[in-house]
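Down below is the structure, laid out as structure tokens.
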Amino acid sequence: MPRRSASEVPPPRRRRTAAEARTAILDAAERRLVAAGPAAIRLQEVAADVGVSHPTVLHHFGSREALVEAVVARALDSLHAGLLAAVRASPERPAEVAALLDSVFDALVRGGHGRAFLWLALSGYAPTVEELRVRSVAEAVHAVRRVRRTGRKRMPPFEDTYFTVLLPALALLALSVTEQPAEGTSDEEPCGPHRFRAWLARLIHEHLEKG
């Protein structure tokens with residue numbers, strides 16, 4: 001049998017760290033969730049995707065249910081961090097609020113997370129409103145609202161701010177599934193999702209500033 005040259009010998013496979021293995025497992029499970037829903041997350045198949053054993057997946061997550069919960073938590077954490085940063089930047093004009101809504105919508109569509117969250121809801125894995133981090137976003141919005149109303153007579157209650165944040169959160173989640181943009185469609189299409197988000201942004205901005 002001919003001997004292979006040094007250039008033909010594959011490099012030794014590097015052993016993953018625990019953190020790298022956990023991330024790879026989450027990535028594989030998330031791809032399956034987005035592509036085909038929670039039923040597609042089977043531990044043996046996720047393990048095969050990553051190139052690890054089934055017991056390795058169990059070692060990191062304990063169960064299939066815990067893996068699904070970890071996938072959802074990671075997706076929400078990423079979305080939440082970006083949203084809080086944008087809110088704390090204190091958008092002042094309706095166009096800036098619209099850009100914020102567009103970024104959330106794009107994140108839900110691009111990563112398939114909007115569809116995945118609704119799949120999870122239908123499969124009994126629905127995150128609660130609190131797990132969706134709505135309250136902490138509302139608290140950040142309320143803090144900005146309070147600063148802007150310094151010297152005014154009345155500050156609306158937190159509940160008003162909370163509902164004002166909850167409304168677009170639910171609308172964007174639904175839109176990310178029902179109104180995904182198709183190739184060749186214009187952002188300015190009458191009654192299209194982009195125009196709806198712009199209208200919603202004006203509504204939210206006016207209410208937060210004057211309500």
Side-chain angles (χ1 to χ4, degrees), residues 1-86 102-138 165-166 169-183:
M1 181 176 180
R3 178 182 296 179
R4 289 188 294 180
S5 66
S7 62
E8 295 175 320
V9 177
R13 187 173 180 178
R14 187 176 70 86
R15 183 180 179 87
R16 290 189 181 100
T17 65
E20 289 171 339
R22 181 180 176 86
T23 297
I25 293 167
L26 285 171
D27 289 345
E30 183 172 316
R31 286 192 296 271
R32 286 183 165 274
L33 172 63
V34 169
I41 299 181
R42 303 180 182 90
L43 298 188
Q44 293 90 341
E45 294 177 6
V46 170
D49 290 346
V50 179
V52 299
S53 66
H54 180 198
T56 297
V57 178
L58 287 174
H59 169 75
H60 285 284
F61 296 97
S63 67
R64 176 183 178 277
E65 288 71 24
L67 174 58
V68 172
E69 290 172 3
V71 169
V72 173
R74 188 179 69 160
L76 289 174
D77 286 345
S78 175
L79 182 62
H80 179 249
L83 189 53
L84 275 185
D102 285 345
S103 70
V104 173
F105 178 76
D106 289 344
L108 289 170
V109 172
R110 186 175 58 254
H113 292 132
R115 184 173 66 251
F117 291 152
L118 292 185
W119 247 330
L120 287 163
L122 294 172
S123 303
Y125 290 96
T128 65
V129 170
E130 290 311 309
E131 288 171 337
L132 288 172
R133 322 292 201 270
V134 173
R135 185 177 184 87
S136 60
V137 174
V165 171
L166 182 61
L170 296 177
L172 291 176
L173 182 59
L175 280 175
S176 70
V177 177
T178 62
E179 297 288 348
Q180 295 195 40
E183 287 188 21

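Small disclaimer: the values here were computed from a predicted structure and weren't measured.
Considering only heavy atoms from C-beta on, Phe61 comes within 4.5 Å of Arg22 through its side chain. The shortest distance between side-chain heavy atoms of Leu79 and His113 does not fall below 4.5 Å. Looking at heavy atoms from C-beta onward, Phe117 lies in side-chain contact with Val72 at the 4.5 angstrom threshold. Leu120 is listed as a side-chain neighbour of Leu33, based on a closest heavy-atom distance under 4.5 Å. Residues Leu26 and Leu67 are in side-chain contact: their nearest non-hydrogen atoms beyond the backbone lie under 4.5 Å apart.
Contact record, Ser123 with Pro38: OG-CG, 3.2 Å, taken as the closest heavy-atom pair. The shortest heavy-atom contact between Gly114 and Ser176 is CA-OG, 3.3 Å. Nearest heavy atoms, Val165 versus Ala138: CG2-CA, 3.9 Å. Across all their heavy atoms, Ala18 and His60 have their closest contact at O-CE1, 3.4 Å. The minimum heavy-atom distance linking Glu20 with Arg16 is given by the pair OE1-CA, 3.5 Å. The shortest non-hydrogen separation linking Ser63 to Ala66 is OG-N, 3.1 Å.
Summarising the geometry, atom CD1 belonging to Ile25 is positioned 9.5 Å from atom CG belonging to Leu58; distances are rounded to the nearest 0.5 Å. Residue Arg135 holds its CZ atom at 12.0 Å from CG of Leu166, rounded to the nearest 0.5 Å. Note that NE2 of His54 is 11.0 Å distant from CD of Glu45, once rounded to the nearest 0.5 Å. Atom CG of Leu108 and atom CG of Leu175 lie 10.0 Å apart (nearest 0.5 Å). The line from NE2 of His59 to OG1 of Thr56 is 8.0 Å long, rounded to the nearest 0.5 Å.
The backbone N or O of Leu43 sits nowhere less than 3.5 Å from a side-chain atom of Arg64 that would complete a donor-acceptor pair. Within the 3.5 Å criterion, the main-chain N or O of Leu76 finds no donor-acceptor partner in the side chain of Arg133.
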Report the C-alpha separation of Arg74 and Asp27 in whole Å, then their side-chain angles, then the decisive distance to 0.1 Å, and conclude whether the salt bridge (charged side-chain N to carboxylate O under 4.0 Å, His left out) test is met.
CA-CA 10 Å; Arg74 188 179 69 160; Asp27 289 345; 2.8 Å; yes
Can you check salt bridge (charged side-chain N to carboxylate O under 4.0 Å, His left out) on Asp49 and Arg31, steps first, answer last?
CA-CA 10 Å; Asp49 290 346; Arg31 286 192 296 271; 5.7 Å; no
